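In what follows, chains carry the letters A, B, and so on, assigned in the order in which the sequence lines appear, proteins first and then strands, with residues in each chain numbered from 1. This is a predicted model, so every value here is computed, not measured.
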There are 2 protein chains.
Amino acid sequence: MAAATIKDVAREAKVSVASVSRALNDGRGVTAETSQRIRDAASRLRYVPHAAARTLITRRTNTIGALLPDLYGEFFSELIRGIDLAARARGLHLLVSSSHDDADAAAAALRAMQGRVDGLLLMSPHADAAFLQQNLPHDLPTVLMNTRLAGADYCALSVDNDGGARLMVEHLLALGHRRIVFIQGPSGNRDAAERELGYREALASHSPDSPAIVLHGDFSEESGYRAGQQVLALRPRPDAVFAANDMMAIGCMAALRDAGICVPEEIAISGFDDVPMARYVTPPLTTIQVHIAELGSQAMELLGEQIDNPDTVMAGTHRRVNAELVVRVSSGAPLV
Amino acid sequence: MAAATIKDVAREAKVSVASVSRALNDGRGVTAETSQRIRDAASRLRYVPHAAARTLITRRTNTIGALLPDLYGEFFSELIRGIDLAARARGLHLLVSSSHDDADAAAAALRAMQGRVDGLLLMSPHADAAFLQQNLPHDLPTVLMNTRLAGADYCALSVDNDGGARLMVEHLLALGHRRIVFIQGPSGNRDAAERELGYREALASHSPDSPAIVLHGDFSEESGYRAGQQVLALRPRPDAVFAANDMMAIGCMAALRDAGICVPEEIAISGFDDVPMARYVTPPLTTIQVHIAELGSQAMELLGEQIDNPDTVMAGTHRRVNAELVVRVSSGAPLV
DNA sequence: CTGAAAGCGCTTACAG
DNA sequence: CTGAAAGCGCTTACAG
C-alpha cells in the first residue's frame, strides 16, 4: 500500500482536499465536527503530509543545514548535539554535511543544500569573504560559527577565546606564578590566535613585568611534548605553562614527567577546552571550559530569529559564548 | 532576486523546460550543441534545481535519515562521521534526529522523517518489535543498528561484542591469568550482555577450571570504582579484571590505585571500547577497539543496497563489525 | 531532437 | 463553512 495522500483523506472524510488541508493545519475555517471527522480519517489512514509537496508551495523546508569542517571528536559531537536540541525545540530538522576537503567540495555541499533548508549554520575553514560572496545564496539566512571571518555582512557566533585565556592568566598570576609560558596553536587558526592574544593582554595589563614567552605548537599532543622539552631548557625556568589547548597541555605534562619534574609542585600546567580526559590525566588538568553544546544551541537560536524575521536586518550581529575557568590540580591551586 | 527556476533557464537558452530538464539530467535526447547552450544559461543564472519539486515527481529525496538515541560523546560523533562519509560517497544527504526521551518522541521523529528520506538508519532503545511494527513505514528501507531487536524482518548491523570479549579473555588467559573478574554493564543493555556472554564462553572453552566471577556495574566510572573495591575484598584475589567498558576499567584502576595496588604488576586491567583517553590513563589501558565509524559506514552501505534494489528482499540480513584487541600496559603483557 | 501537456501532493486565494 | 481551481517547480511519456 502506498502512503495515503490528502486526496485519500478527503475521500474518506467526504470533504474536499481544501478542507482537509485547513483542518490539519491551522484548523480554522472548518467546523469542529468536520475537523474531527477529518482527523479521524487521517489517523485511520495514517496520513502524513508529503513534505516535498508542502515545501514546494509554502517555500519552507522546516529544515536547517549545518556545514561543518569535520565530525571528528568530542567537539563536533557536542556542537551537533546543541544544534539538534535547539532545532528540535523549534520543530526544525537538521541536515548535516561535513569533511569537505577543499573549497570546491564545500561549495558543492553548499549548493546541494540550496532549496533543502530554510537556513544555514556554517563552520568551514574555506569560508573566507570571497567564498561566501561567491557561494552563499543571498536570501538564505546564515550564521557563521568560528569562521575566520566575521564581517559586518553576516551573523556570527564564536567562543570567547580571548576572555577565556585572560581568565586563565589571571588565575595563574593569582597563584603567584610570574613566568608563564604560552604554547601556541596552529598558525592561521583563529581560536588559537585569540587565545594567544588574551594571554598577551592579560599579562601586559596585570603583570607588566612578566615577559610573554611563546612556544610553537599545533594543537597536537606531540607538539605539546616538544614544547615541554623546550620549557625544560628555559633559564630561568618558567613557573607555569598555559597551552592553547588541552591535548598540548597533556603532551607537555608527559614531557615534564619524563624529565622527573613534578606538576604542579615545580611547574603549573593548564590548558584550554576541557576535553573529557582533562579530569582523568594525572594530575587532573586545570583548563578553560567551553560550552560547545551551547555554542551550537545559540547559533541555532540566532538562525531561528533570522528565519522568523526575514525583514529584520541582522547582518553584523555577533555573539560570543562564555568560557569558564575549571580549576583542578595541575595549576597548583589550593583545592577547597 | 529570487532563485532561478527551470523556466528561467529555458527562456534564457530559448528552449522548452523539457529540454532543460533532459540536458541537465541524463543529457540524452538533446544535441550536444543545445545541451551546451542550456548548461551555459544554467550556470549564468546560477540555476540549482528545486529539490522539493524534483522529489515530488521522482519520489526520491536523495536523503537518508539517522535516528539516534543521543549525540553525547565520542561514540556518536564517530558513528555520524562514518554514516556521513558513506552517504556522501553515494551522493546522499544526511538528516539526523536524536535524543528522544520516550517512545512517543521517537515515533514522532520517525513520522516526521517520512517523505523526507529514502531510507532510515535506526538506533533507538525504544525500537522494540511492537514499536517498529507500529511506527516504521513498511515501504521505507531501514537498517537497524545495535537495537535490542534483530529479528528476521529487518536488516541489522551490530558490533561483534561477543567476539571482542572472547579476544580479551584469550589475551588474559595467554598471559597466565586464571582468576578473571568481569564487570557487567547495565542490565538490559544488549552490548553489555553480549560482552558478558563472550567472557563466559571464552572462559568455559579455554579454561574450564577458571570460575566466572561477575561484578555489577552500569558503564559509569563510579560503578567501576565500586567494583574495584569489591575486587580488593575477593579471596583469593583475582589476577585480572575485564570491564565491560573502558570507563569502568578506569574507575576500577582508580580504586586499586587508591588501595595501593599496582597495575598491572598485581592485577591486570582491561576494558572495552578504546575511548580516546584509554591511551592516556596511567597505565595505558588494554582494551577492545570497535571501529565505530565503520559501523556507521557499513550500515549506510547496507541501506544503500536496499535503496538501489527495492525488489531484492534483504530483510533478515545481519552483519557484524569486527572488534580488535589493543594491547597496552594495563594487562601486563610484555610490550615488544 | 524538441515541445506541449499532464501530473506529483500540497496550500491558498477566490467564490458561493 | 466549504469546494473548485490555480499553481509551486520539476520530470516524463507522448506527439511531431
Side-chain angles (χ1 to χ4, degrees), chain A residues 1-39 41-42 45-63 111-118 137 139, chain B residues 1-39 41-42 45-63 111-118 137 139:
Chain A
M1 44 150 208
T5 73
I6 195 170
K7 272 187 179 172
D8 299 321
V9 179
R11 193 182 314 117
E12 176 88 2
K14 300 187 198 311
V15 293
S16 69
V17 295
S19 291
V20 175
S21 177
R22 279 188 288 256
L24 264 30
N25 290 327
D26 53 3
R28 300 192 314 164
V30 196
T31 58
E33 191 192 4
T34 311
S35 180
Q36 190 55 53
R37 200 167 76 242
I38 293 171
R39 284 170 193 290
L45 263 37
R46 296 195 180 202
Y47 172 65
V48 178
H50 194 284
R54 183 178 257 167
T55 291
L56 191 55
I57 195 131
T58 61
R59 323 258 70 181
R60 285 271 263 151
T61 62
N62 292 310
T63 302
R111 224 174 302 126
M113 287 249 176
Q114 219 177 116
R116 297 178 176 276
V117 300
D118 296 334
D139 50 353
Chain B
M1 44 144 207
T5 71
I6 195 170
K7 272 186 179 173
D8 300 322
V9 179
R11 193 182 316 117
E12 176 88 3
K14 300 187 198 311
V15 292
S16 69
V17 295
S19 291
V20 175
S21 176
R22 279 188 288 256
L24 264 30
N25 289 328
D26 53 3
R28 300 191 314 163
V30 195
T31 57
E33 189 192 4
T34 310
S35 181
Q36 191 54 53
R37 199 167 77 243
I38 292 172
R39 286 170 191 289
L45 263 35
R46 296 196 181 200
Y47 171 65
V48 178
H50 194 286
R54 182 178 257 168
T55 291
L56 191 55
I57 194 131
T58 61
R59 322 260 68 181
R60 286 272 263 150
T61 61
N62 291 312
T63 302
R111 224 174 301 125
M113 287 251 175
Q114 218 175 117
R116 297 178 175 277
V117 300
D118 295 335
D139 48 354

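- Take the nearest nucleotide of DNA chain C for Leu56(B) and for Val17(B): the residue whose nucleotide is more 5' is Val17(B).
- The listed nucleotides are dA4(C), dA5(D), dG9(D); the one nearest the side chain of Ser16(B) is dA4(C).
- When rounded to the nearest whole Å, the span between CZ of Arg54(A) and P of dC8(C) equals 19 Å.
- Between His50(A) atom NE2 and dT11(C) atom P there is a gap of 12 Å when expressed in whole angstrom units.
- Considering only side-chain N and O atoms, Ser19(B) lies under 4.0 angstrom from the phosphate OP1 or OP2 of dG3(C).
- Atom CD1 in Ile6(B) sits roughly 18 Å away from atom P in dA6(C) (whole-Å rounding).
- Closest-nucleotide positions on DNA chain D for Ala18(B) and Ala52(B) were compared, and the one nearer the 5' end corresponds to Ala52(B).
- In this structure, Asn25(A) atom CG and dT12(C) atom P are separated by 7 Å, rounded to whole Å.
- One finds no side-chain N or O of Thr5(A) lying less than 4.0 angstrom from the OP1 or OP2 phosphate oxygen of dG9(C).
- Figure legend. dT2(C) is base-paired to dA15(D); pairs are counted as Watson-Crick or G-U wobble with both atom distances under 3.5 Å.
- The phosphate of dG9(D) has OP1 or OP2 within less than 4.0 Å of a side-chain N or O from Arg59(A).
- Heavy atoms only, all atoms of each residue included: Ile6(A) and Tyr47(A) are closest at N-CE1, 3.4 Å.
- Going from atom CD1 of Ile57(A) over to atom P of dA5(D) covers 16 Å, rounded to whole Å.
- Rounding to whole angstrom units, CZ of residue Arg11(B) and P of dG3(C) are separated by 15 Å.
- For the residue pair Arg54(B) and Asn25(B), the shortest heavy atom distance occurs at NH2-OD1, 2.8 Å.
- The base of dG3(D) lies close enough to the side chain of Arg22(A) for a donor and an acceptor atom to sit less than 3.5 Å apart.
- Within the structure, a side-chain polar atom (N or O) of Thr34(B) is placed less than 4.0 Å from OP1 or OP2 of dT2(C).
- Although no hydrogens or angles enter the test, the distance criterion places no donor-acceptor pair under 3.5 Å between the side chain of Thr63(A) and the main chain of Val117(A).
- For Thr31(A) and dT2(D), the shortest distance from a side-chain N or O to OP1 or OP2 is below 4.0 Å.
- The closest donor-acceptor contact from the side chain of Arg22(A) to the backbone of Ser35(A) lies at 3.5 Å or more, if one exists at all.
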